[in-house]
Enquirer: 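Take this structure first; my questions come after.
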Protein chains: 2
Amino acid sequence: MLLILRAMSSRPVRRRGAATIDLVLCSAHGGRLHVLVVKSAGGTPVLPFTWSAEGESLEQAARDLAKDLTGHAAAWLTVGTATAARRHPTGAALSVPFVGIVGPAVVASGGAAWHPIESLPALAPRQKAMAEDALETLRLHMDAAPVAFRLLAASFTLSDLQQAYELLLGRRLHKASFRRALQAAYLVEPIDEWRSEGRGRPAQLFRYAPRKHRGGHRSVRFDLIGR
Amino acid sequence: MLLILRAMSSRPVRRRGAATIDLVLCSAHGGRLHVLVVKSAGGTPVLPFTWSAEGESLEQAARDLAKDLTGHAAAWLTVGTATAARRHPTGAALSVPFVGIVGPAVVASGGAAWHPIESLPALAPRQKAMAEDALETLRLHMDAAPVAFRLLAASFTLSDLQQAYELLLGRRLHKASFRRALQAAYLVEPIDEWRSEGRGRPAQLFRYAPRKHRGGHRSVRFDLIGR
DNA sequence: TGACATTAGTTGCGGAATGTTACTTATTCT
DNA sequence: AGAATAAGTAACATTCCGCAACTAATGTCA
């Protein structure tokens, strides 16, 4: 399936030997983070990958790969930690992992399947390491980029958003505090729609609409350094 | 000088064609962040670099390069954003930048020189981009790693530390607030030494000694998202 | 129909964290 | 001795945050 999809697009010719671009594509389903895994020619599970091409941006290649795979552009994408120590399934010397996010509506098709990030299938060592680093990469960027928002559809409830943050942070948050902080940041805007999940009061929908606000110049938090 | 130093060490044979490992080595002098720049064979300024070698860790190669260059091991090192779009001086297709830190005692020798990060000499485009990304990379990691501490010597005054944070954050901090937050985080330990800079009261010296403390599970800060 | 469960969303309080100002302490310079 | 300089502290007001309790809107089920 991967090969078929790649043949459908007209991208630069890629040659074996340079570096692989490995894609750790993430999505949130059912309150858990999932990673897209495909099948290699031999049937073993692998992360989607492509080869770097002369003169082409690595990021663009990763974006093309994500689009070919899912039919949707990645909602967010960043480069991870390039590595050469372990062996890539293809024997490539170098791997450049990209960590991407697609919204919850993207379904896996063909040989591709979403796997919970805590219980991935048996990947090759280098790919396994890259997948396990993905969450850390997302955490690293979530203070400066709207990572949590990209896990959601364009319109979402505040409970959805809180759940996304809890997913990324790995801990529970307090509802009232979360909403107060969110309001103070002018990051979301209510839209005139409500969603009912069946039980309980319907929730208002919001969209990501950051407004310029002079970043409160507050002190430093040392909370995270030193374990 | 670079070539001489590299010949002195017995590292794996590196062959042209794979990827360059470019080093953005940073250090703080006189309240400003500096980057180490060397001279190429042709005399033009370049970032120190080496070639990736089969089977060797990219990070280890970068660490070796830093040690060969300065005689000191890098106090901290992380990988930056791999790139292929622009042209490397050597014509390499791929570059993996590493952003490193050495303490203030490391002096440049031979063809190497420290340049303020705001006024770098005319580097090749790809290297210029990598160097300009360095500060952003450091900022990205400073909440999770002791980046600011690595810019300092093993013992330092609290004013030194505050200056390092101000350097990285690009804004002034309040002395009292900074010290309170620092005390609450159990990150430093006073040692029984004082340093006098000539005028003013001598400052007590501290060292980085993080103690396990249950990270206060506080709410999220949205300050930085959305510009 | 009416009590109950469930989820969304708000309010108010107390304690913790932070910004600000002013102060004390220790040293050098003149 | 007194001014200048920098380190370090104290006190107070303000803001932030965790918590608990509350209201609101819907579905469920006896």
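As the structure is a computational prediction, the values presented were derived from the model and not from experiment. Chain identifiers are assigned alphabetically (A, B, ...) following the order of the sequence lines, protein sequences preceding nucleic acid strands; residue numbering begins at 1 within each chain.
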Enquirer: Closest nucleotide of DNA chain D for A:Gly200 versus for A:Ser177: which of these residues is on the 5' side?
Expert: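 Nearest-nucleotide comparison on DNA chain D picks A:Ser177.
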
Enquirer: At under 4.0 Å between heavy atoms, what does A:Gln204 touch on the DNA or RNA strands: base, sugar-phosphate, or nothing?
Expert: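 Counting heavy atoms under 4.0 Å across all strands, the contact made by A:Gln204 is with sugar-phosphate only.
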
Enquirer: May I ask you to evaluate whether A:His174 reaches the phosphate of D:dG18, defined as a side-chain N or O under 4.0 Å from OP1 or OP2?
Expert: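 Answer is no, no contact under 4.0 Å.
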
Enquirer: Report the residue from A:Leu138, A:Leu140, A:Val79 that forms a side-chain contact (heavy atoms from CB on, under 4.5 Å) with A:Val99.
Expert: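 Option passing the side-chain contact (heavy atoms from CB on, under 4.5 Å) with A:Val99: A:Leu138.
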
Enquirer: Taking 5' to 3' order, which nucleotide of DNA chain C is first and which is last to have an atom within less than 4.0 Å of a heavy atom in chain A?
Expert: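 The protein-touched segment is C:dT6 to C:dG19.
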
Enquirer: So does A:Arg172 have more than 12 non-hydrogen atoms from other groups sitting under 6.0 Å from CZ?
Expert: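 No, because the 6.0 Å sphere around CZ of A:Arg172 holds 12 heavy atoms or fewer from other groups.
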
Enquirer: Take atom CZ of B:Arg195 and atom C1' of D:dG8, then tell me their distance rounded to the nearest Å.
Expert: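 Going from CZ in B:Arg195 over to C1' in D:dG8 covers 16 Å.
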
Enquirer: Counting heavy atoms not belonging to A:Arg139, are there more than 12 under 6.0 Å from its CZ?
Expert: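 Counting other residues, nucleotides and ligands, CZ of A:Arg139 exceeds 12 neighbours.
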
Enquirer: Tell me what A:Ala176 touches on the nucleic acid: a base, only sugar-phosphate, or nothing, going by heavy atoms under 4.0 Å.
Expert: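 Answer is base: heavy atoms of A:Ala176 come under 4.0 Å of a base.
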
Enquirer: Taking any heavy-atom pair under 4.0 Å as a contact, classify A:Ser159: base, sugar-phosphate, or nothing.
Expert: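 Since only primed, P, OP1 and OP2 atoms lie under 4.0 Å of A:Ser159, the category is sugar-phosphate.
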
Enquirer: Tell me: CZ of A:Arg180 to P of D:dC19, nearest whole Å?
Expert: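 Spelled out: CZ on A:Arg180 to P on D:dC19 is 11 Å.
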
Enquirer: At their closest point, which heavy atom of B:Ile101 faces which heavy atom of B:Leu25, and how far apart are they?
Expert: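 Looks like N-CD1, 4.1 Å.
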
Enquirer: Provide, to the nearest angstrom, the distance between the NZ atom belonging to A:Lys175 and the C1' atom belonging to D:dA21.
Expert: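 Checked: the NZ to C1' distance equals 11 Å.
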
Enquirer: Give a yes/no on whether any side-chain N or O of A:Arg221 is located under 4.0 angstrom from OP1 or OP2 of D:dC17.
Expert: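 The answer is yes; a side-chain N or O of A:Arg221 sits under 4.0 Å from OP1 or OP2.
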
